[in-house]
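Structure first, commentary second.
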Amino acid sequence: MKVLGIESSCDETAIAIYSEEEGLLGHKVNTQIKLFEEYGGVVPEISARDHSLKIIPTLRDALAEHNLSPSDIDLVAYTAGPGLVGSLMIGETVAKTLSKICKIEILPIHHLEGHILAPGLEERSLQPPYLCLLVSGGHTQILNCKAYGDYEILGETIDDACGEAFDKVGKLLGLSYPGGPKISKLAQSGNSSRFSFPRALMNEKNLNFSFSGIKTSVLYALEDLEKKDYPDVAASFQEAVCDVLIKKLQLALHQTKQSRLVCSGGVAANFNLREKLKCLAKEENVTVSFPSLEFCTDNAAMIAFAGYIRKKYNLPKYNTNSARPRWPLGELYD
Ligand code: KG4
Ligand code: ZN
């Protein structure tokens, strides 16, 4: 079985081909980051227009690289939501057109399920049950993945997503969008204990997060500081965010008694977080998995893989036939 994955939910136009026998054959990501650097965030209309320009050439390249044509594909899996509606509809239209003309089976995929399953792309023995920390630009959740397609949300952010906090603080530090990778780099030369930024809800016995207050604290701190202090701000901010994520994850491990831990989504690319997760795993005697950096941020390989898993395990088809910009993971089949 060969699965073609299509991802266009936000600012990446991505195509991938996953083979049941050989694993990931190839994937292409056309990122729109350069388009949005000057705006400090994604502009939905510009994003949709760029997807429309890039998706067919990206598809062509991905197929040509492996001497494949649409007739070699057995399943088209595309991101149906959540995301920007105009951007989602570009991927959806391409998926539906390919499916109709070439008579290929089609499966809509939930973007977050792609992230949740992403570590299994490379670590082929990895299977649920596991505990998943999902940290991206739009979401921050701790999930109990009991089985494929069965994801219980144990806790989530009550305001900003973790990646969003990185992006907003990046903006305060004069860094271009997206701030996450740049803060991470700046933090390497900083002192993470110089500033004690708030660790909201850290000692509460629930698994929720709040990241909206920390950017205000950073804003106030910056009033008395100079540019030379920015690496210390970046390192202290990153430390505070990672501390909260790790503390809540530890609580979730104790509550669920899971023996496997997974971290995915764009912020899972953060070096400091990955190191802290490894320490936590050692301390709690559990295993930890995260995707390679290229599969942490948005890509189509994880969508193709989610399509493959859903098909292989004959999971029920999502009840959706058109793009769903807002689609909570808790309403997967609604
Ligand atoms: O998963 P993703 O590509 O898109 C969404 O589904 O949201 O995540 C993008 C987010 C951005 O907020 C970006 O700043 C953050 O992931 N990010 C990072 C790092 N790389 C990407 N945050 C912290 N450290 C990084 N190294
Ligand atoms: Zn994502």
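We count residues from 1, following the sequence as given. Remember, it's a predicted structure, so these values are computed and weren't measured experimentally. Note that ligands are numbered from 1 as they come in the structure, with each ligand's atoms numbered from 1 the same way.
The closest approach between His115 and ligand 1 falls below 4.0 Å for a heavy atom of the residue. Ligand 1 has at least one atom lying under 4.0 Å from a heavy atom of Pro181. Residue contact check for ligand 1: His111 places a non-hydrogen atom closer than 4.0 Å to it.
Listed by number with element, the atoms of ligand 1 under 4.0 angstrom from any heavy atom of Gly163 are 12 (O). Taking every heavy atom of Gly138 and a limit of under 4.0 angstrom, the matching atoms of ligand 1 come to 7 (O). Interface atoms of ligand 1 facing Gly266, defined by a heavy-atom separation under 4.0 Å, are 1 (O), 2 (P), 8 (O), 16 (O), 17 (N), 18 (C), 19 (C), 20 (N), 21 (C). Within the listing of ligand 1, atoms 14 (O), 18 (C), 19 (C), 22 (N), 23 (C), 24 (N), 25 (C) sit less than 4.0 angstrom from a heavy atom of Gly180. Short contacts between ligand 1 and Asp167, defined as distances under 4.0 Å to a heavy atom of the residue, involve ligand atoms 11 (C), 12 (O), 13 (C), 14 (O).
Tyr318 and His110 have perpendicular rings, their planes meeting at more than 60° on a 0 to 90° scale where under 30° would count as parallel. Ring geometry for Tyr308 versus Phe305: interplanar angle of 30 to 60°, hence tilted.
Listed for the Ser196 side chain is no donor-acceptor partner under 3.5 Å among the backbone atoms of Ser193. Without hydrogens or angle criteria, Thr79 side chain to Gly81 main chain gives no donor-acceptor distance under 3.5 Å. Asp298 places no side-chain N or O within 3.5 Å of a backbone atom of Glu12 that could act as its donor or acceptor partner.
Remark: Lys2 does not engage Asp72 in a salt bridge, criterion side-chain N to carboxylate O under 4.0 Å. Under 4.0 Å is where a charged nitrogen must lie from a carboxylate oxygen, and between Glu239 and Lys276 at least one such pair does. Between Lys312 and Glu20, none of the side-chain N atoms (NZ, or NE/NH1/NH2) sits under 4.0 Å from a carboxylate O, so this pair counts as no salt bridge.
Both cation-pi conditions hold for Arg274 and Phe290: the charged atom is under 6.0 angstrom from the six-membered ring centre and inside a 45 degree cone around its axis.
Nearest non-hydrogen protein atom to atom 24 (N) of ligand 1 is Asn270 ND2, 3.1 Å.
For Phe166 and Phe237, the ring centers sit closer than 6.0 Å to each other. In this structure, the ring of Tyr18 has its center no less than 6.0 angstrom from the ring center of His27.
Contacts between Asp298 and ligand 1, counted as non-hydrogen atom pairs separated by less than 4.0 Å, involve both the backbone and the side chain.
Protein N/O/S atoms found under 2.8 Å from the Zn ion (ligand 2), listed by chain and residue number: His111 NE2, His115 NE2, Asp298 OD1.
For the residues Gly137, Gly41, Pro82, Ala268, the heavy atom positioned nearest atom 5 (C) of ligand 1 is part of Gly137.
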